[in-house]
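As structure tokens, the structure follows; a few thoughts come after it.
Bear in mind the structure is a predicted one, so any value in this text is a computation, not a measurement. Throughout, protein chains are lettered first and strands after them, A, B, ... in sequence-line order, and every chain is numbered starting at 1.
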Amino acid sequence: MEAKQREGFGTEEIVVNMGPQHPSTHGVLRILLTLDGEKVTDCEVVIGYLHRGVEKLAEHRDYKQAIILTDRLDYLASMSNNLAYVLAVEKLMDVKVPERAEYIRVIVAELQRIASHLIWLATHAMDIGAITVFLYCFREREEILNLFEMLCGARLTYNYMRIGGVSEDLPEGFIERANKFIEIFPDRIDEYETLLTKNRIWIDRTVGVGVISGEDGIDLGLSGPSIRGSGVRWDVRKAEPYSIYDRFDFQIPIGEKGDTYDRYLVRIEEMRQSNKIVKQALDQLPDGEIMAKVPRIIKPPKGEVYRSIESPKGELGFYIVSDGTSTSPYRMKIRPPSFVNMESFSKMIKGHLVADVIAVIGTLDIVLGEVDR
Amino acid sequence: MNEIIRDLIIAIIKIAVVMGVVSLGVAYSTYLERKVAGWIQSRLGPMRVGPHGLLQPIADGLKLFIKEDIVPDKADKFVFYLSPLICLVPAFVVLAVIPWGPGFYITDINIGLLYIFAVASLGVFGIVMAGWSSNSKYPMLGGLRSAAQMVSYEVPLGLSVIGVLIFAESLSMVKIVEKQIETGVWFIFLQPIGFILYLICGLAETNRAPFDLPEAEQELVAGFHTEYSAMKFAFFFLAEYMNMIVVSSIAVVVFLGGWGSPFAFLGIEFSESFGVIKSVLDFILPIFWFLLKVSLLMFFLIWVRWTFPRYRYDQLMKIGWKVLIPFAVLNIVFAGGEYTLYQKLDWYVFYPVSWLIMTLMVIFCFKLIKNFDRFSKSKILEEGIE
């Protein structure tokens, strides 16, 4: 990128390298900003610092082993990644998952959504300067992590879902503890909201920042809460219900203007709705098996399949091709929401100030593990 | 000749005492900051070094002392070394005229407040020079931000205390306090708007949240001191907390009755009932009240920092020029009228009238602010869409 010289005062634009080591690029994102004073005139996003070749690696693992690879995509929402992958394979093999396993999957996926949104809120607020919210959010996330630890022993990369069910049944005391959490959690959301929602500075910093219209968002493939903030009612849970989402009563919040503030409100409301889903699922939880009868060696029939779910970040899809003879996927393509959402970044940021770059990175809620794969 | 030497020695002792106490105070204000932040965020804060982490500031200081001192290769070495000092020295020099108790101050000059503003405004040079001499982009942005910010906020800061000067009829810090004790009315009750304006500008002057743009960690890494390490960094750190103490002290002297007892209006004299130790109490109590008020204000500054998000650069400038300065000027006009009323009316007529006018002023100004904001919001929206 060339910084161009301007006439008159002899001022010139400077190119600032933001990242890969920067406090608020949420990992190893690198952005080359061309600045005119504080104003961003151009930006170039450089990704790939966390590339591990997950898609290629999956071609050399068998179908079961690929689950642990999906853990490492969006490491803030491993459960959702697991779910998307196993759903795709199950669709390919036409496996019927037992009721109880379906309920458990919904419970953990929605708890995972809450945890992921909590991290988003924590880091987003901290980027804008409200540091206290960060620690409040981590306090609640800790409880969710404790629940997951009870469930499968891991706190970050769970490897919990299995093709045909889940690996462990709910342990003793899990339901009580989860109930306790969902009971207090709405109050905690109110607590974050008192610190932010009506806060004069928060409003000034987020309203009108990173605006993107619904049409532009669709054109750029934006998905998840990011596009719902622009008023597009698109949620895979409602649009193409997977698992047993059609049995629960929940709403899809949408924004109006498509700015950072609307996306903030959408995600806050989503946490409330997820909480509601977990509550319903825990109440209706049936007894029974947690694993379907699947062969020990998984060898799906020849064919290809695409299955997407609503991950906390947006539409997470797995496209799997099986050649019918091998125990590992012939090709596995991932549609990572963070990566696709990053496309909108340049559009959102042009003409804004340096401080807004941070706000927009926060509002897109990207995880570099997923962007780079 | 002997007298000169005696005065000199007394002055040196006073300076040594004030410097020593304040340096320790600065160290422990970092401890206060971390503890209060911890409590606000439902954690404990420093707990490891000493009981309840009481020795933490000393450990921090030692650590900073023995750290490697890194100077960037392409930096302008002389300016790079100079700027931390330029930051720190004015902050210390200002202390010379701050009265801690009756008779307990280094010096009392008749232009006290003016001297403070003049010297304190030199601190910004340190920050600008640090930003420039590092020869790095983030510090430069930080330095430029702070230059703009501190220059803009100096104006309303100066204007906000003028109302008080009309009542005090003096610029001398000691006289301002004595006037408040004499009349029994702290100037905050006569000039609440001035006090609020002063606090806001004080926050901006000390680069504290929500105005901590020059060192906005999440945007500019560490702002103007990104390239600094070890003791040179510690100097900036000290200067920041020093400035906090100075801003709080000035607020206490000018608005909160200085060393005066907060119970004086009730007619309670703590020292009277003790007979023998009366003289000791007479000396210690005023200092105690002064330090108590300063600590409470410090607590307030910390509280604000850990509660609010950060303003954006353009919003900060807009608040400074479009809101605070007009408001401060309006307040001066009001103070002139208020002074006339103050002398003519009885207190039970004067206070309701003046507070009513002030409320109206505030409402009027909030209306104005709202209009400004609506205007700029739609503008940003347009920019975003194009």
Side-chain angles (χ1 to χ4, degrees), chain A residues 14-18 21-25 33 35 37-39 123-136 138-139 194-196 199-213 216 257-260 347-362, chain B residues 36-43 45 136-142 144-145 148 208-213 215-223 226 302-319 366 369-370 372-374 376-386:
Chain A
I14 56 168
V15 179
V16 173
N17 185 27
M18 193 177 255
Q21 316 298 334
H22 187 277
S24 46
T25 51
L33 293 169
L35 297 181
E38 289 253 339
K39 206 171 175 184
T123 52
H124 187 38
M126 188 166 76
D127 289 349
I128 293 183
I131 303 168
T132 300
V133 181
F134 182 79
L135 284 122
Y136 284 5
F138 267 69
R139 183 184 59 194
T194 36
L195 277 169
L196 298 174
N199 187 325
R200 186 77 222 175
I201 306 177
W202 180 259
I203 290 173
D204 281 351
R205 281 300 304 274
T206 53
V207 171
V209 171
V211 181
I212 189 154
S213 69
D216 285 349
K257 297 202 193 78
D259 58 7
T260 304
K347 196 171 186 73
M348 285 180 176
I349 199 57
K350 269 197 196 135
H352 281 302
L353 302 173
V354 182
D356 294 332
V357 175
I358 308 305
V360 171
I361 295 176
Chain B
V36 171
W39 294 329
I40 288 176
Q41 298 169 344
S42 68
R43 53 193 178 89
S136 171
K137 281 167 185 171
Y138 284 112
M140 194 182 79
L141 281 173
L144 290 178
R145 276 184 176 189
R208 298 275 304 175
F211 304 111
D212 56 345
L213 297 156
E215 46 188 306
E217 190 198 332
Q218 288 82 11
E219 294 156 28
L220 302 181
V221 190
T226 306
I302 294 168
W303 185 13
V304 167
R305 171 169 181 187
W306 297 103
T307 307
F308 288 123
R310 179 183 305 115
Y311 266 117
R312 205 171 56 199
Y313 179 65
D314 59 327
Q315 292 162 347
L316 174 98
M317 297 312 261
K318 197 176 65 195
I319 293 165
F366 268 105
I369 295 170
K370 265 202 178 141
F372 275 129
D373 270 2
R374 200 175 302 143
S376 60
K377 248 178 227 162
S378 55
K379 210 175 138 202
I380 289 176
L381 209 67
E382 279 160 20
E383 279 172 7
I385 284 168
E386 75 175 303

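Taken to the nearest 0.5 Å, the CE atom of Met140(B) stands 4.5 Å off from the CD1 atom of Ile14(A). Atoms OG1 and CG, on Thr307(B) and Asn199(A) in that order, are 9.0 Å from each other to the nearest 0.5 Å.
None of Ile128(A), Leu195(A), Leu196(A), Ile201(A) except one satisfies the side-chain contact (heavy atoms from CB on, under 4.5 Å) rule with Phe308(B); the exception is Ile201(A).
The shortest non-hydrogen separation linking Tyr311(B) to Asp204(A) is CE2-OD2, 3.6 Å. For the pair Arg205(A) and Arg310(B), the tightest heavy-atom approach, listed with the atom from each and the gap, is NH1-O, 2.9 Å. The heavy-atom pair separating Leu135(A) from Arg43(B) by the smallest distance is CD2-CD, 3.6 Å. The two atoms that bring Arg145(B) and Val354(A) nearest to each other are NH2-CB, 4.3 Å, heavy atoms only.
Residues Gln41(B) and Ile131(A) are in side-chain contact: their nearest non-hydrogen atoms beyond the backbone lie under 4.5 Å apart. When side chains are defined from C-beta on, Arg312(B) counts as touching Asp356(A), because their heavy atoms get closer than 4.5 Å.
Between chain B and the residues Ile212(A), Ile349(A), Thr132(A), Asn17(A), the largest count of heavy-atom pairs under 4.5 Å involves Thr132(A). The candidate with the highest count of non-hydrogen atom pairs below 4.5 Å against chain B, out of Ala130(A), Ala125(A), Ala359(A), is Ala130(A).
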